[in-house]
*Asks:* 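Below you'll find the structure I mean.
Numbers here are sequence positions counted from 1.
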Amino acid sequence: MSEVGSSALRAVKAINLSGVEVGAADTSTPTFEWVDPASLLVDDGYQRNLSERSIKLVRRICSRWDWRRFKPPVCARTERGLEVIDGQHTAIAACSHPGVERIPVMVVEAASRADRAHSFIGHNRDRLNITPMQMHFAAAAAGDEEAQTIDQVCVRAGVKVLRTTPGNGIWSVGDTVAVRAIGALINRRGAMKARIILEALVKGRAMPVTAGQIKAVETLLHGEEYRDDIDAEGVSNALLALGAAADHEAGVFAATHNVPVWKALAIVLFRKGKRRGRRPG
């Protein structure tokens, strides 16, 4: 059987860019090099550590190795060597494959660490397999003001943003992966009020600090219905008194009264931590 005729092919043609402001590259054009994959470097400051999922991906790449599906990693030259900006799983798979000695890489100009982190974000912003935590660490390394503010607020509140959820399922007090919720909280309330909310959760020994908890405590400290009758200390004391029962009671209340779990948690904490008498007006 003959191959499909040329009529099935179409030429690559330019499209109309009317109304589009075309970007201008401020760096030199990339070059390609063949390198030993074991010579490549990865910056753990903004790239992902190898998770169980990552290892499975690397094993799958090796088992299905095909040069026709190979995408050269994007690298930048640094004082220590070629640093991978995008494609570390491909590079690790090539390094692990006994039949692969050298691979082609695309070398781009990215002299500073911030430049390389920005490039990583650009490569991965729309990929579903990149978590908000990974994007946060990359943004912080790139000098993003919002990401750095999140880090500062968390440090002062005693919250630790993790790169991934713990593989063993064991959390420590103040651990969180709710980086988006924290960023949104700071945007709504400012850094100082956000710190107070997070600190109340840490003092209440929340592990982990979740998006639902953040929303519940924000509602208690700033919602008109609650704020005059409970403060941050009351929230912390309620969390300490209830312990693991807080989430259980909130779940039961949410199911019984058909309300969101975060709102149910706010009600449960309010009942336990509210002042016995209203503050004088």
*Asks:* Could you grab the distance from atom CG of Asp43 to atom OG1 of Thr78, nearest 0.5 Å is fine?
*Replies:* 9.0 Å
*Asks:* Could you walk me through whether Val177 and Trp171 satisfy the side chain to side chain contact (heavy atoms under 4.5 Å, CB included) test, starting with their C-alpha distance in whole Å, then the side-chain angles of each, then the deciding distance to 0.1 Å, before giving a yes or no?
*Replies:* CA-CA 11 Å; Val177 293; Trp171 303 82; 4.1 Å; yes
*Asks:* Say you draw a straight line from CD1 of Ile214 to CD1 of Ile182; how long is it, rounded to the nearest 0.5 Å?
*Replies:* 4.5 Å
*Asks:* Could you pull out all residues at least two apart from Gln152 that satisfy side-chain hydrogen bond (donor to acceptor under 3.5 Å, both in side chains)?
*Replies:* none
*Asks:* Search all heavy atoms of Phe253 against all heavy atoms of Ile267 and return the closest pair with its distance.
*Replies:* CE2-CD1, 3.6 Å
*Asks:* Quick one, Val217 with Thr219, criterion side chain to side chain contact (heavy atoms under 4.5 Å, CB included). Give me CA distance, side-chain angles, the key distance, then yes/no.
*Replies:* CA-CA 5 Å; Val217 177; Thr219 298; over 6 Å; no
*Asks:* Look at atom CZ of Arg189 and say whether more than 12 heavy atoms of other residues, nucleotides or ligands are closer to it than 6.0 Å.
*Replies:* yes
*Asks:* How many angstroms lie between atom OG of Ser96 and atom CD1 of Ile61, to the nearest 0.5 angstrom?
*Replies:* 9.5 Å
*Asks:* Can you find a heavy atom in the side chain of Met106 that is under 4.5 Å from one in the side chain of Pro30?
*Replies:* yes
*Asks:* May I ask whether Trp262 and Leu185 are part of the same hydrophobic cluster, defined by side-chain heavy atoms of I, L, V, M, F, W, Y residues being less than 4.5 angstrom apart, directly or through others?
*Replies:* no
*Asks:* Distance from Ile103 atom CD1 to Asp36 atom CG, nearest 0.5 Å?
*Replies:* 8.5 Å
*Asks:* How far apart are the closest heavy atoms of Pro37 and Glu101, and which atoms are they?
*Replies:* CD-O, 3.3 Å
*Asks:* Taking it one step at a time, do Val84 and Val74 satisfy side chain to side chain contact (heavy atoms under 4.5 Å, CB included)?
*Replies:* CA-CA 6 Å; Val84 178; Val74 179; over 6 Å; no
*Asks:* Can you name the nearest heavy-atom pair linking Gln148 to Ala140, along with the distance?
*Replies:* NE2-O, 3.6 Å
*Asks:* Say you draw a straight line from CG of Leu57 to CD of Gln88; how long is it, rounded to the nearest 0.5 Å?
*Replies:* 9.5 Å
*Asks:* According to side-chain hydrogen bond (donor to acceptor under 3.5 Å, both in side chains), who are the partners of Asp175, at least two apart in sequence or on a separate chain?
*Replies:* none
*Asks:* Apply side chain to side chain contact (heavy atoms under 4.5 Å, CB included) to Leu240 and Arg205, showing your working.
*Replies:* CA-CA 7 Å; Leu240 289 171; Arg205 299 191 63 77; 3.7 Å; yes
*Asks:* I'd like to know if Glu33 and Arg77 make a salt bridge, using a cut-off of under 4.0 Å between side-chain N and carboxylate O.
*Replies:* yes
*Asks:* For Val12, what are the other residues in its hydrophobic cluster, where any two members join if their side-chain heavy atoms are less than 4.5 angstrom apart?
*Replies:* none
*Asks:* When you group the ILVMFWY residues by side-chain heavy-atom contacts below 4.5 Å and let the links chain together, are Val261 and Ile197 in the same group?
*Replies:* no
*Asks:* Is there a donor-acceptor contact under 3.5 Å from the side chain of His97 to the main chain of Gly99?
*Replies:* yes
*Asks:* Can you confirm whether Glu83 sits close enough to Val42 that some side-chain heavy atom of one is under 4.5 Å from a side-chain heavy atom of the other?
*Replies:* no
*Asks:* To check you understand the geometry: which heavy-atom pair defines the closest contact between Val209 and Gly174, and what is its length?
*Replies:* CG2-CA, 4.1 Å
*Asks:* Tell me every residue that passes ring-ring contact (aromatic ring centres under 6.0 Å, His included) with Trp67, counting only those two or more places apart in sequence or in another chain.
*Replies:* Trp65, Phe70
*Asks:* May I ask you to test the Leu162-Thr176 pair for a side-chain heavy-atom distance under 4.5 Å?
*Replies:* no
*Asks:* Would you mind reporting whether Arg69 and Arg64 have side-chain heavy atoms less than 4.5 Å apart?
*Replies:* yes
*Asks:* Does Asp231 pair with Arg275 as a salt bridge, N-O distance under 4.0 Å?
*Replies:* yes
*Asks:* Does CG in Asn258 sit with more than 12 non-hydrogen atoms of other residues, nucleotides or ligands closer than 6.0 Å?
*Replies:* no
*Asks:* What heavy-atom pair brings Thr90 and Lys71 nearest, and what distance separates the two atoms?
*Replies:* CG2-O, 3.8 Å
*Asks:* Could you tell me if the side chain of Leu221 sits less than 4.5 Å from the side chain of Tyr226, heavy atoms only?
*Replies:* no
*Asks:* Does one side chain, of His136 or Asp144, offer a donor that lies under 3.5 Å from an acceptor on the other?
*Replies:* no
*Asks:* Please give me the minimum heavy-atom distance between Ala232 and Ala200, naming the atom from each residue.
*Replies:* O-CB, 3.9 Å
*Asks:* I want to check something: taking the side chain as every heavy atom from C-beta on, are His89 and Ser54 in contact at a cut-off of under 4.5 Å?
*Replies:* yes
*Asks:* Taking the side chain as every heavy atom from C-beta outward, state whether Leu220 and Arg227 have any pair of such atoms under 4.5 Å apart.
*Replies:* no
*Asks:* To the nearest 0.5 Å, tell me how far Lys203 NZ sits from Glu233 CD.
*Replies:* 8.0 Å
*Asks:* Partners of Arg188 by side-chain hydrogen bond (donor to acceptor under 3.5 Å, both in side chains), sequence neighbours excluded?
*Replies:* Glu218
*Asks:* Could you tell me which residues satisfy side-chain hydrogen bond (donor to acceptor under 3.5 Å, both in side chains) with Asn237, sequence neighbours excluded, listed by chain and number?
*Replies:* none
*Asks:* If you count the non-hydrogen atoms of other residues, nucleotides and ligands that lie under 6.0 Å from NE2 in His248, is the total more than 12?
*Replies:* no
*Asks:* Measuring only between side-chain heavy atoms, which start at C-beta, is Cys75 closer than 4.5 Å to Leu40?
*Replies:* yes
